[in-house]
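Predicted model, so just to flag it, every value in this text is computed and none were measured.
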Amino acid sequence: MSVAEELVARSNRLGADPRTTNYAGGNTSAKGTATDPVTGTDVELLWVKGSGGDLGTLTEKNLAVLRLDRLRALVDVYPGVEREDEMVAAFDYCLHGKGGAAPSIDTAMHALVDAVHVDHLHPDSGIAFATAADGEALTAEVFGDSVVWVPWRRPGFQLGLDIAEIKEKNPQAIGCILGGHGITAWGDTSAEAEERSLRIVRTAEEYIASQTGPHPFGEVVNAALPDEERRARAAVLAPVIRGLASTDKPQVGHYTDSSVVLDFVSREALGRLAELGTSCPDHFLRTKVKPLVVDLPSDAPIEEVVGRLKELHALYRADYQGYYDRNATPDSPAIRGADPAIVLVPGVGMFSFGKDKQTARVAGEFYVNAINVMRGAEAISTYVPIDEAEKFRIEYWALEEAKLARMPQPKPLATRVALVTGAGSGIGRAIAERLAAEGACVVIADLNLDGASEVAASLGGPDVAIAVQADVTSEEDIARLIAETSLAFGGVDLVVNNAGLSISKPLLDTTVKDWDLQHDVMARGSFLVAREAARAMIAQDMGGDIVYIASKNSLFAGPNNIAYSATKADQAHQVRLLAAELGGYGIRVNGVNPDGVVRGSGIFAGGWGAQRAATYGVPEEELGAYYAQRTLLKKEVLPEHVAAAVFALTGPDLVQTTGLHVPVDSGVAAAFLR
């Protein structure tokens, strides 16, 4: 096994255990030799996890590979701690070969420590020691001289020099605890470094667990609500909180009601500890310096909670602005927004936010790590995170700003939460696929859960799409559908009323059952979905889009089609009515009028195709071509053409458009809008 392969294997093992390090946190390295392709001689190299990687999913392409002689030579040109950020640019001149990841700020630590293998990790137990008021004394008590305490220092070149000196002066040491931050361990072999890292983590865990006494967070003062009541309340609050958290820029939400979170928000120490904020840089870069905490009992009336949330949000924004103003210097980056990334609600749980679902979910996971850190620190001592000024130096670090600037531009529908009914197949599936491709989070709603689940999985799983079984004729199902959407992504922005069926019969053969079924699914179903979605959108106060997949038949009087065409006309007029009613809330309502979507259509495959083919006297397999030939463009309409129209209506270009129907029929003159 090569040096790089061995390092990746160790990293993956360490990163797979959340007790050892958190997502994208920490870094690992290995030193070795390789042949220089230019000189043909051996050269000493450092393989180290690059910037932005995750240990659990690390591959060789996520490693930065650098020449050790050049890295060590940087010590001679180091200008001092006040200018240490300049050293990061110098790492690029130490790279070996082409490709690989960009070196991270911690590269110096791995290069300068005189050990073949180095692990820098952020375990909850290690950070508990690192943030304990008497962490230095506890480190000596628990670890003796095998683990050395390092006072807080911002990650960078100087920290690398500090740890290298500690390693040199303490040959008996297996690693160190970095005040306010995490742990570092080293070894002559990969196995030794890994064993020492785990020994530090497990020893800290065992010591914390051995401390018995009153609960570190105090007594329960706000018990968690019962499961069903808790999730129902969370679903109502989620759009409200998401709207507040999106004041500066739109955010996607994530809801967590794990036992760790519910215990923390139930305890008397919640307010005190939450106000102190997080400490490890990996934590507060994702969670902000502190969360917004609702200071009401678990069973407070929902209207009172909503009102208080708005008051607390205004106070939070003012406080964050004050934090920025107190600490900013003339060369600090501009404030990135004053809204909270974490909102804690007693009895209910935690809402976390980010630029996409993964970012929102990971922010919540990091705050769970922070809760574990606070519990551990309070169990063995008193929790004391790094001070506000140091937090600001990292949050508004020029290097962090540069890292953010390198990120790709968001897609047109990034941060938008879309709900598509009848999305398990056909036109609905094509719409869901297009919206996801344009950056939206998508809820795949369908009566057929298996089909919906397959579509959601194909789009990338729960960080992109979820499947929800729903009968659009059922008020209870639709209320649950909107609730599940809000719990999954924080709310809803974009709804496509696509679910439908088709019954093709002459008037005299159309039964009342046919008529009722057709209208229940499409007219009633669209109404129910629009009503419940609008309720969430209004609470969210972020505007929104509702799109009806109507039909050319809403205008065109075709033969043997009374039930279907009448209900499509109903849907078409719902567009106009709702556009007029919801415009004041910034909610746009538009429609798409397709025709002749045969290939890939679930409706046509379900019997409608055979019925229409019989009506027109053509073989069913030639129905698409028949429809195309009767159009002005003589081209067949496909599901992706309808999806393109939905994107056009909901993307960034037609933001002033509402009450419009877009024909997607290749040109049917009899269905021209008048």
Side-chain angles (χ1 to χ4, degrees), residues 23-24 51-54 101-102 238-239 241-254 285-288 333-342 351-366 395-397 399-420 431-444 456 458-466 485-486 488-496 537 540-545 547 586-588 643-657:
Y23 176 81
S51 178
D54 169 56
I241 298 174
R242 179 178 177 231
L244 295 173
S246 299
T247 298
D248 285 322
K249 55 186 176 183
Q251 301 284 293
V252 177
H254 178 73
L285 280 174
R286 291 166 173 85
T287 66
K288 285 198 165 175
I335 190 170
R336 298 194 192 104
D339 297 316
I342 304 291
F351 299 86
S352 53
F353 299 94
K355 64 184 177 63
D356 51 36
K357 172 65 175 185
Q358 183 192 48
T359 305
R361 174 178 56 78
V362 169
E365 291 173 359
F366 271 92
E395 185 178 0
Y396 285 92
W397 203 352
L399 296 177
E400 184 66 23
E401 189 73 7
K403 183 177 176 181
L404 293 173
R406 290 195 301 269
M407 298 184 73
Q409 288 297 305
K411 294 181 179 179
L413 297 183
T415 75
R416 302 207 76 195
V417 178
L419 163 61
V420 184
I431 293 169
E433 290 172 342
R434 180 61 187 271
L435 297 180
E438 300 293 349
C441 299
V442 187
V443 175
I444 312 297
S458 73
L459 295 179
D463 279 346
V464 177
I466 64 164
T485 301
S486 296
F489 299 116
V492 63
D493 305 302
L494 193 169
V495 170
V496 182
M537 289 178 183
Q540 206 168 243
D541 196 23
M542 296 170 63
D545 282 285
V547 179
I587 300 170
R588 304 182 308 127
V646 172
F647 171 62
L649 286 168
T650 58
D653 295 332
L654 297 179
V655 294
Q656 306 305 110
T657 299

Worksheet entry | Atom of A338, atom of D248 and distance for their closest heavy-atom approach | N-OD2, 2.7 Å

Practice prompt. Taking the side chain as every heavy atom from C-beta outward, state whether T359 and V252 have any atom pair closer than 4.5 Å.
Written response: no

Worksheet item: Under a 4.5 Å cut-off applied to non-hydrogen side-chain atoms, are Y23 and Q358 in contact?
Response: yes

Discussion item. Restricting to non-hydrogen atoms, name the atom on I466 and the atom on A456 that form the minimum distance, rounded to 0.1 Å.
Written reply: C-CB, 3.8 Å

Discussion item. Quick one, K357 and V464 - any side-chain contact, counting heavy atoms below 4.5 Å?
Written reply: no

Item to complete: Determine the minimum heavy-atom distance between A363 and T287, stating which atoms define it.
Response: O-CG2, 3.5 Å

Discussion item. As a test of understanding, state which of L649, L419, V420, T650 forms a side-chain contact (heavy atoms from CB on, under 4.5 Å) with V496.
Written reply: V420

Worksheet, complete the sentence: Of all heavy-atom pairs linking T247 and D339, the shortest is N-OD2, 3.1 Å

Worksheet entry | Nearest-0.5 Å distance, NE2 of residue H254 to CG of residue D356 | 12.5 Å

Worksheet item: Is there a donor-acceptor pair under 3.5 Å between the side chain of R588 and the backbone N or O of L654?
Response: yes

Worksheet entry | Set of residues satisfying side-chain hydrogen bond (donor to acceptor under 3.5 Å, both in side chains) with respect to D653, sequence neighbours excluded | none

Worksheet item: What pairs meet the salt bridge (charged side-chain N to carboxylate O under 4.0 Å, His left out) rule with one or both residues in residues 407-416, with sequence neighbours excluded?
Response: R416-D545

Worksheet entry | Geometric cation-pi criterion R336 and Y396, 6.0 Å radius, 45° cone | yes

Response to the item:
Interatomic distance, CD1@I444 vs CD1@I431, rounded to 0.5 Å, equals 10.5 Å

Worksheet item: Does CG belonging to D54 count more than 12 external heavy atoms closer than 6.0 Å?
Response: yes

Worksheet, complete the sentence: Here the pair of heavy atoms bringing Q540 nearest to V492 is NE2-O, 2.8 Å

Worksheet item: Taking only residues two or more places apart in sequence, or in another chain, which ones meet S51 in a side-chain hydrogen bond (donor to acceptor under 3.5 Å, both in side chains)?
Response: none

Worksheet item: How about L285 and F366: do any of their side-chain heavy atoms sit closer than 4.5 Å?
Response: no

Worksheet item: Roughly how far, to the nearest 0.5 Å, is the CG atom of D493 from the CD1 atom of I587?
Response: 10.0 Å

Fill in: I335 CD1 to E395 CD distance, which is reported to the nearest 0.5 Å
8.5 Å

Worksheet entry | Shortest non-hydrogen separation from P250 to T415 and the atoms involved | CB-OG1, 3.3 Å

Discussion item. Within the 4.5 Å heavy-atom criterion, are R242 and F351 side-chain neighbours or not?
Written reply: no

